[in-house]
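Notes follow the structure.
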Amino acid sequence: MTLPTRVKIVEVGPRDGLQNEAETISAAIKIALIDRLSAAGFRNIEAASFVSPKWVPQMATSTEVMAGIARRDGVIYSALTPNLHGFGAALAARADEVVIFGSASEAFSQKNINCSIAESIERFAPVAQAAKLHGLRLRGSISCTMGCPYQGAVSLDSVADVVARMRELGCDEIDIADTIGVGTPHQVQSVMQRAAQEFPIAQLSGHFHDTYGQALANIYASLEVGVAIFHASVAGLGGCPYAKGATGNVATEDVLYLMQGLGIETGIDLDLVVDAGQFIAAHLGRKAVSRAGNALAAKRLG
Ligand code: HMG
Ligand code: MG
């Protein structure tokens with residue numbers, strides 16, 4: 001199959017990237033990061049998460065962050081909303097898109113959102129209805145589609161079942177997430193193709209954590225089967241607090257470098273993303289986890 005000529009990159013650094021940081025990061029720094037990302041050309045930025053602050057303290061500043069960003073026309077700022085409580089906060093904060101997040105693994109569902117998969121779908125139903133009522137975009141995220149830190153293997157049918165339930169809830173887009181980065185290219189193709197039996201492939205995205213260094217290969221494998229939406233985190237930040245040992249998402253700079261090389265348009269300025277990556281890494285006091293980002297930054301120094 002020929003590769004797509006254009007892809008959509010969803011920048012998840014401000015949410016997935018930062019949610020796992022132990023030190024509290026000020027709202028001002030998060031706002032500066034998001035504004036740098038929108039200036040770089042992203043049309044989709046996962047900016048906030050309206051979850052329990054007891055579960056994920058780092059995201060407690062979400063209302064402040066959403067109020068402080070310089071909104072750019074055409075940019076969709078999204079927020080995680082596990083229940084109606086979170087939805088209310090996201091609506092008040094003027095999120096453009098809300099994300100319900102479930103799992104293909106029962107064990108992970110319990111650890112991450114404290115309920116079974118079936119219960120989670122029941123909780124998501126009113127959120128989905130409210131999103132439609134208020135004209136917000138609705139995205140569904142499915143964790144552990146390539147494997148689970150608690151139960152191990154996850155079947156294709158379990159993934160397909162949650163995809164079908166998210167479709168029934170009216171999701172505009174569904175994320176196939178490799179939470180712990182264990183997937184490999186042929187597996188990813190099988191999962192994507194199975195998911196595509198339940199939901200249009202043009203509205204499926206690949207959300208790959210890079211724990212085992214497979215994320216770029218998995219993105220390429222996904223392109224080969226027609227996936228054209230990918231999530232990435234600037235500077236490779238991140239990890240899920242409820243997925244032990246899982247590292248960040250694939251670094252945005254690396255994905256953009258790959259796309260440039262393949263002649264696939266993203267509409268995003270890689271140089272500005274490198275700047276944003278170096279900015280947040282400097283703030284966190286460590287080197288960015290982006291091979292391309294660090295190489296490009298080093299090259300500038302001559
Ligand atoms: P629960 O304890 O079962 O919920 O948690 P509850 O309804 O019994 O409420 C308990 C307390 O939380 C109450 O407060 C509620 O008010 C409060 P208390 O009376 O004890 O003071 N509460 C909330 N507060 C703020 N915002 C809310 C909210 N809801 C309840 N929305 C719940 C259930 C889902 C809330 C909890 O488990 C939770 O917040 N989990 C969040 C987990 C999380 O954020 N994980 C990381 C994001 S997912 C991810 O990273 C994966 C992804 O990247 C894809 C991938 O890579 O796999 C998306
Ligand atoms: Mg994630």
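Order of listing sets the numbers, starting from 1, for every ligand and every atom in it. Below, all heavy atoms of this structure are taken into account, side chains as well, without hydrogens, waters or symmetry copies. Quick note: residue numbers are just sequence positions, from 1.
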Closest to atom 28 (C) of ligand 1 (judged by heavy-atom distance), picking from E46, Q58, H85, R139: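 Among E46, Q58, H85, R139, the closest heavy atom to atom 28 (C) of ligand 1 comes from H85.
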Per atom 44 (O) of ligand 1, closest listed option by heavy atom (V56, L80, N114):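 Residue with the shortest heavy-atom distance to the ligand atom: V56.
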Ligand 1 to S143 polar contact by distance, N or O atoms, under 3.5 Å: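 Among all N and O atoms of S143, at least one is under 3.5 Å from an N or O of ligand 1.
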Assess [X] for proximity to ligand 1: is some non-hydrogen atom of it under 4.0 Å away?
X	answer
M59	no
P53	yes
R123	yes

Mutual orientation of the aromatic rings belonging to H207 and H231 [parallel < 30°, tilted 30-60°, perpendicular > 60°]: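 Answer is perpendicular, since the angle exceeds 60°.
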Of all N/O/S atoms in D16, the name of the one nearest the Mg ion (ligand 2): OD2
Does only the side chain of [X] get under 4.0 Å from ligand 1, or the backbone, or both, or neither? Count heavy atoms.
X	answer
T179	both
S141	side chain
N112	both
S52	both
F50	backbone
N83	side chain

Test salt bridge (charged side-chain N to carboxylate O under 4.0 Å, His left out) applied to D275 and R300, step by step: CA-CA 11 Å; D275 290 344; R300 287 175 186 170; 2.6 Å; yes
Metal-centred angle, the Mg ion (ligand 2) as apex - NE2 of H209, NE2 of H207, 10° resolution: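 For NE2 of H209 and NE2 of H207, the angle centred on the Mg ion (ligand 2) reads 90°.
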Verdict with supporting geometry, T252 and E11, side chain to side chain donor-acceptor pair (under 3.5 Å): CA-CA 7 Å; T252 312; E11 172 56 51; 2.7 Å; yes
